[in-house]
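Chain letters run A, B, ... following the sequence lines, proteins first, then strands; residues in each count from 1.
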Amino acid sequence: MKIAIVHHPETTPKILAAQRMSEKDKLSSFTCMYGGTGKMHKDNPNRHTIDILQQMGEYYAQIGVPWKPQAYQKAIGTLKKLEVKIDCFEDAIRLPNIGTRIAKKIEEICTTGHLRTLDNALADPTHKTLQLFLRIYGVGLSQAHKWIQAGHKSLDDLLALPDLHKNQRIGIDHYDDFNTRIPRDEVTALGDIVKKVAADINLNVEAIIGGSYRRGADTSGDIDFIITKRNTRSSWDLLSFLETLVARLTCDGFLVAALTVPASSGSKWHGACALPGNPLWRRIDFLVVPETEFGAALLYFTGDDIFNRSIRLLASKKNMRLNQKGLYKDVLRTFGREKLSEGTLVEGGDERKIFDLLGVPWRPPHERICR
DNA sequence: CTCCAGCCTAC
DNA sequence: GTAGGC
DNA sequence: GGAG
Ligand SMILES: O=c1ccn([C@H]2C[C@H](O)[C@@H](COP(=O)(O)OP(=O)(O)OP(=O)(O)O)O2)c(=O)[nH]1
Ligand SMILES: [Mg+2]
């Protein structure tokens with residue numbers, strides 16, 4: 001029995017528990033295996049570190065550095081679960097998803113309160129403009145950087161450009177709308193309108209709101225519908241319904257723009273809508289799926305995106321493949337993990353069965369918040 | 001040193 | 001083929 | 001940038 005031994009921080013039970021997550025079974029490195037509720041204690045002792053690392057990751061994403069943003073996201077995920085403050089390199093380096101580079105940064109944040117790398121980055125005068133442009137729907141890194149390079153500084157500058165894409169123009173015209181979160185009650189109200197019209201067209205159709213709403217969020221970035229119909233076996237069986245639905249909702253003045261529409265093989269309609277009497281345009285998505293693909297589609301459209309990527313990666317490690325249509329087995333891949341064969345469908349209809357088949361404990365939607 | 005999800009539409 | 005998006 |  002050890003007595004009177006001074007406890008080094010890294011030997012506290014909480015840190016040991018976190019270390020254990022990374023060792024042993026490799027499965028625990030998949031965030032889909034334990035999920036998350038997105039709720040971090042407001043008194044999380046690492047909140048300042050998390051905030052700075054978040055900004056660092058966002059910065060790398062904005063300048064287009066590949067993978068670093070995801071790496072920061074994972075490191076942040078680790079810190080969010082801790083109840084103990086990590087303030088030195090030695091403690092940080094022991095944690096899963098935190099290596100030497102981020103451990104150093106954690107120490108710098110805790111001793112100086114900030115990160116010089118980040119301060120320098122944010123001091124760049126074009127950075128604010130970059131952020132402005134990147135929040136335009138239909139504008140990504142490539143376009144935003146080209147416009148900056150060309151000296152553009154404001155949304156008005158951009159509106160004068162002759163070669164704006166259709167959606168980029170809409171994105172600029174409705175810049176504030178699309179960057180305004182939608183309160184949960186409004187999502188419910190928008191949902192009721194769609195459900196009513198859908199039922200009026202065909203009583204065998206069901207419309208479910210997925211996305212962040214299904215995960216229980218109090219505000220959403222957009223509204224995501226999964227639309228299905230009894231006794232259907234291909235999304236092709238629902239395309240005529242989708243056309244009718246869109247036509248009716250457009251006629252009613254509810255749908256105000258189409259952003260992307262499905263090709264003959266497609267199943268997703270993306271556009272904008274507005275509540276009567278509310279000038280704000282909201283982005284809206286319809287995913288039409290046959291009964292046989294409902295579970296996989298629900299899983300996909302419930303997300304979050306990090307959860308999806310994690311569970312799909314897990315599937316691929318088991319020689320399977322998960323997409324919005326189903327779970328497939330015996331998928332052949334190259335040494336570079338590139339898909340060579342489709343594999344054979346094992347399950348598409350039932351969300352729970354997909355979890356089971358992958359050995360992932362069932363997570364209700366509100367426990368699939370991994371960012 | 002290699003891998004990091006998987007798919008769709010617009011241009 | 002590339003960009004942007006879910 | 002981290003894991004394997
Ligand atoms: O890169 C992505 C983006 C989204 N999705 C899935 C998960 C996500 O939950 C769903 C709907 O996408 P959306 O962009 O609407 O995200 P959200 O989770 O609904 O959040 P928000 O409140 O911002 O709409 O599509 C992915 O699988 N990969
Ligand atoms: Mg959404």
Side-chain angles (χ1 to χ4, degrees), chain A residues 21-23 26 28-32 53 56-57 60-61 64-78 92-93 95-106 117 133-146 163-171 178 210-212 220-226 235 258-271 283-288 293 296-297 299-317 320-328 331 333-339 342-343:
Chain A
M21 300 191 314
S22 68
E23 301 160 1
K26 297 140 214 157
S28 56
S29 63
F30 290 88
T31 183
C32 63
L53 293 177
M56 199 66 232
Y60 282 128
V65 176
W67 304 119
K68 278 195 197 192
Q70 289 86 342
Y72 274 80
Q73 201 58 59
K74 281 192 177 171
I76 288 166
T78 297
I93 191 80
L95 299 168
N97 305 313
I98 293 176
T100 54
R101 312 281 301 274
I102 291 186
K104 262 189 199 149
K105 290 187 169 64
I106 290 175
T117 332
F133 291 172
L134 283 175
R135 291 174 68 187
I136 301 170
Y137 179 87
V139 174
L141 280 171
S142 174
Q143 191 56 259
H145 280 102
K146 279 180 198 153
D163 53 355
L164 275 186
H165 295 171
K166 168 179 162 274
N167 290 353
Q168 292 173 342
R169 195 167 290 281
I170 295 175
F178 289 171
S212 50
S220 294
D222 66 0
I223 322 153
D224 304 292
F225 280 98
I226 300 127
S235 59
L259 297 170
T260 64
V261 300
S264 60
S265 66
S267 57
K268 194 149 64 177
W269 188 93
H270 189 60
R283 285 176 294 125
I284 186 168
D285 258 350
F286 297 125
L287 181 67
V288 291
E293 296 170 7
L299 180 49
Y300 159 64
F301 234 31
T302 299
D304 60 17
D305 53 345
I306 303 294
F307 183 87
N308 287 353
R309 291 167 72 155
S310 171
I311 196 169
R312 287 172 180 211
L313 180 62
L314 178 64
S316 79
K317 292 279 154 68
M320 294 194 267
R321 172 171 67 107
L322 177 64
N323 64 18
Q324 54 270 56
K325 293 172 185 270
L327 178 66
Y328 303 75
V331 177
R333 288 183 153 85
T334 63
F335 287 107
R337 306 196 57 73
E338 192 189 341
K339 183 181 79 182
E342 302 286 296

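The salt bridge (charged side-chain N to carboxylate O under 4.0 Å, His left out) analysis of residues 300-309 of chain A, with sequence neighbours excluded, yields the pairs A:D305-A:R371.
The side chain of A:N97 approaches D:dG2 more closely than any other nucleotide in the set B:dC7, B:dA5, D:dG2.
Partner of A:N167 under the side chain to side chain contact (heavy atoms under 4.5 Å, CB included) criterion, chosen from A:V139, A:I136, A:L259: A:L259. Under the side chain to side chain contact (heavy atoms under 4.5 Å, CB included) test applied with A:W269, the options A:V288, A:L287, A:T260, A:I284 reduce to a single match, A:I284.
For DNA chain D, the residues of residues 66-74 of chain A within the heavy-atom distance limit of 4.0 Å (strictly under) are A:W67, A:K68, A:A71, A:Y72, sorted by number.
In this view, A:S220 and A:S212 satisfy the side-chain hydrogen bond (donor to acceptor under 3.5 Å, both in side chains) rule, not counting sequence neighbours. The side-chain hydrogen bond (donor to acceptor under 3.5 Å, both in side chains) check on A:R333 picks up nothing, with sequence neighbours excluded.
Nucleotide D:dG2 holds its C1' atom 14 Å from the CG atom of A:L53, rounded to whole Å. Here the C1' atom of nucleotide B:dG6 and the CD atom of A:E293 are 14 Å apart, to the nearest Å. Between the NZ atom of A:K317 and the C1' atom of B:dA5 there is a distance of 11 Å, rounded to whole Å. Atom pair A:L299:CG and B:dC7:P shows a separation of 14 Å (rounding to whole Å applied). One can place CG of A:N308 at 11 Å from P of B:dA5, the figure rounded to the nearest angstrom. Atom-to-atom, CZ of A:R309 to P of B:dC3 comes out at 16 Å; the value is rounded to the nearest Å. A:F30 has its CZ atom 11 Å from the P atom of B:dC4, to the nearest Å. Rounding to whole angstrom units, CG of residue A:L314 and C1' of D:dG4 are separated by 16 Å.
Nucleic acid contact class of A:I136 (heavy atoms, under 4.0 Å, all strands): sugar-phosphate only. Across all strands, A:K146 comes closer than 4.0 Å to no nucleic acid atom at all (heavy-atom distances). Residue contacts shown for A:V65 are absent, as no nucleic acid heavy atom lies under 4.0 Å away.
OP1 and OP2 of B:dG6 both lie 4.0 Å or more from every side-chain N or O belonging to A:R312. Listed pair A:R337 / B:dC4 meets the phosphate criterion, a side-chain N or O lying under 4.0 Å from OP1 or OP2.
The nucleotide range of DNA chain C contacted by chain A, defined by atoms under 4.0 angstrom from heavy atoms of the protein and reported 5' to 3', is C:dA3 to C:dC6.
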Pairs under 3.5 Å (N/O, protein and nucleotides 9-11 of chain B):
from: B:dT9; atom 1: OP1; to: A:A263; atom 2: N; distance (Å): 2.7
from: B:dT9; atom 1: O3'; to: A:V261; atom 2: O; distance (Å): 3.4
from: B:dA10; atom 1: OP1; to: A:V261; atom 2: N; distance (Å): 3.4

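Note: A:Y137 and A:F178 have perpendicular aromatic rings, judged against thresholds of 30 and 60 degrees for the angle between ring planes.
On the C1' atoms, C:dG5 is 14 Å away from B:dA5, given to the nearest whole Å.
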